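Read the structure below first, then the notes.
In what follows, every heavy atom counts, from backbone to side chain, and hydrogens, waters and symmetry copies are set aside. Order of listing sets the numbers, starting from 1, for every ligand and every atom in it. Worth saying up front: this structure is predicted, and the values here are computed from it rather than measured.
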Amino acid sequence: MRETFPFVNLKAQYLAYQSELDAKISKVLSSSAFIMGEEVRLCEQSLAVFSGTRYAKTTSSGTTALLLALLALGIKPNDEVITSPFSFIAAAEMIAFIGAKPVFVDIDERTYHIDVHKIESAITPKTKAILPVSLFGMPCDMDSINSIASCYALPVIEDAAQSFGATYKQKRSCHLSTIGVTSFFPSKPLGCYGDGGAVFCDDEEIDHQITLLRHHGQSERYTHQIIGMNARLDSLQCAILNVKLQHFAEEIRLREEKARFYNENLQGVILPYIPKDRSSVYAQYSIRACNSSHSRQKIIESLHQKGVPIAVHYPLPLHLQECFAFLGYKKGDFPVSERVAEEIFSLPFSAFITQEEQIKVIESLNALMI
Ligand SMILES: *Cc1c(COP(=O)(O)O)cnc(C)c1O
């Protein structure tokens with residue numbers, strides 16, 4: 001059967017803010033200021049205020065934000081960076097892209113985040129940074145990670161592509177370590193209408209490096225201090241973010257309310273685990289149904305037949321991806337990641353999912369759990 005409602009309802013969000021968005025987009029179009037300028041400056045100011053960091057710089061994507069963060073910290077070929085094998089590929093990919101080596105550490109079975117108890121044994125003299133991923137919208141246990149890092153004088157980059165807006169001990173994700181990186185991919189908790197991202201930090205020198213790197217290493221026009229690239233976010237996307245940021249606090253509240261509705265009504269599944277010191281923005285509402293007599297495949301097929309869209313984040317851990325074969329990992333190296341990758345799936349979710357839609361998901365799924 002055709003899906004009867006979307007996995008993430010971007011259309012409903014657009015319609016809710018349409019007059020503001022259309023007006024802002026027209027304003028940018030008639031200004032002819034498309035690169036940098038006022039909307040970008042405003043956006044970065046608002047992002048810094050929101051996250052509580054001294055600095056925020058927008059970038060062309062979350063992936064380039066990760067790349068700039070690694071480069072700003074001086075990560076070089078043959079350096080090692082510790083990260084999670086159960087994630088979207090971008091962080092491990094950018095580590096490898098600059099010739100450094102992603103060193104994977106297995107995840108914790110409850111949070112799906114890098115297992116903080118296993119990080120220390122992966123540190124070698126070549127380790128130059130730790131890059132935890134605040135997966136599914138909840139910040140990692142950053143105090144534990146920061147304290148291990150500080151013992152070895154290592155910087156920490158939080159991949160907060162999914163967790164912008166979430167909190168850890170009252171502080172915002174992106175402001176929990178040396179550098180925080182996020183993505184504004186359309187379906188992320190705060191999305192623009194194309195690709196986009198941002199880098200957050202409190203350190204003036206790191207911010208200066210990010211500023212140079214994203215704009216051809218340019219200190220003034222046609223004066224190039226370092227080798228950089230073009231990784232700027234354009235004014236239209238910043239203008240769109242400036243509108244959406246006004247509504248973001250309310251969207252976070254709605255996301256929490258809708259997650260609670262799933263939590264309270266789903267039966268027999270492993271729900272998202274949110275420790276008391278944190279909040280989640282539920283970039284994905286991901287569950288496991290390992291007690292069902294049906295396989296994940298069967299559950300997903302059956303839900304699709306009822307018109308309920310389902311996605312799997314992520315079906316194959318990174319250490320088993322073909323592109324990382326050169327790292328020499330094999331099946332069995334990270335058993336928790338491998339098992340979770342086989343069991344997990346994500347339910348339709350956004351600030352705009354309706355209660356009728358959620359009830360349809362819940363009833364369809366609960367019927368498979370008895
Ligand atoms: C989406 C995502 C990224 C990459 O962001 P893009 O804007 O798509 O480049 C990086 N890390 C994680 C965990 C993500 O979910």
Please could you name the atoms of ligand 1 that Gly196 approaches to less than 4.0 Å, counting only its heavy atoms? 7 (O)
Note: Lys306-Glu363 ion pair, threshold 4.0 Å (strictly below): no
Side chain to side chain contact (heavy atoms under 4.5 Å, CB included) for Asn263 and Tyr285? Distances and angles first, verdict last. CA-CA 10 Å; Asn263 292 342; Tyr285 186 94; 2.6 Å; yes
Parallel, tilted or perpendicular: rings of Phe164 and Phe50 (30°, 60°): tilted
Would you check the N or O atoms of Leu66, main chain and side chain alike, for any that come under 3.5 Å of an N or O of ligand 1? no
Less than 4.5 Å apart, side chain to side chain, heavy atoms only: is that true for Thr124 and Val103? no
So if I count the atoms of ligand 1 from 1 in the order they appear, which ones are less than 4.0 Å from some heavy atom of Ala161? 2 (C), 3 (C), 10 (C), 11 (N), 12 (C), 14 (C)
Can the ring centroids of Phe334 and Phe86 be said to lie less than 6.0 angstrom from one another? no
Which heavy atom of the protein is the closest neighbour of atom 2 (C) of ligand 1, given with residue, atom name and distance? Lys188 NZ, 2.5 Å
Using a 3.5 Å cut-off on N or O atoms only, is Ser87 in polar contact with ligand 1? no
Under 4.0 Å from a heavy atom of Ser183: give me the atoms of ligand 1 that qualify, with their elements. 5 (O), 6 (P), 7 (O)
Would Tyr262 and Tyr282 count as a close aromatic pair, with their ring centres under 6.0 Å? no
Considering only non-hydrogen protein atoms, determine which one is nearest to atom 9 (O) of ligand 1 and report residue, atom name and distance to 0.1 Å. Thr63 OG1, 2.5 Å
State the atoms of ligand 1, each with its element, that fall below the 4.0 Å cut-off from a heavy-atom position in Gly62. 5 (O), 6 (P), 7 (O), 9 (O)
On the 0 to 90° scale, with breaks at 30° and 60°, tag the His216-His224 ring pair as parallel, tilted or perpendicular. perpendicular
Could you tell me, atom by atom, which parts of ligand 1 come under 4.0 Å of a heavy atom of Val133? 13 (C)
Counting only heavy atoms, tell me which of Asp195, Leu131, Asp159 gets closest to atom 13 (C) of ligand 1. Asp159
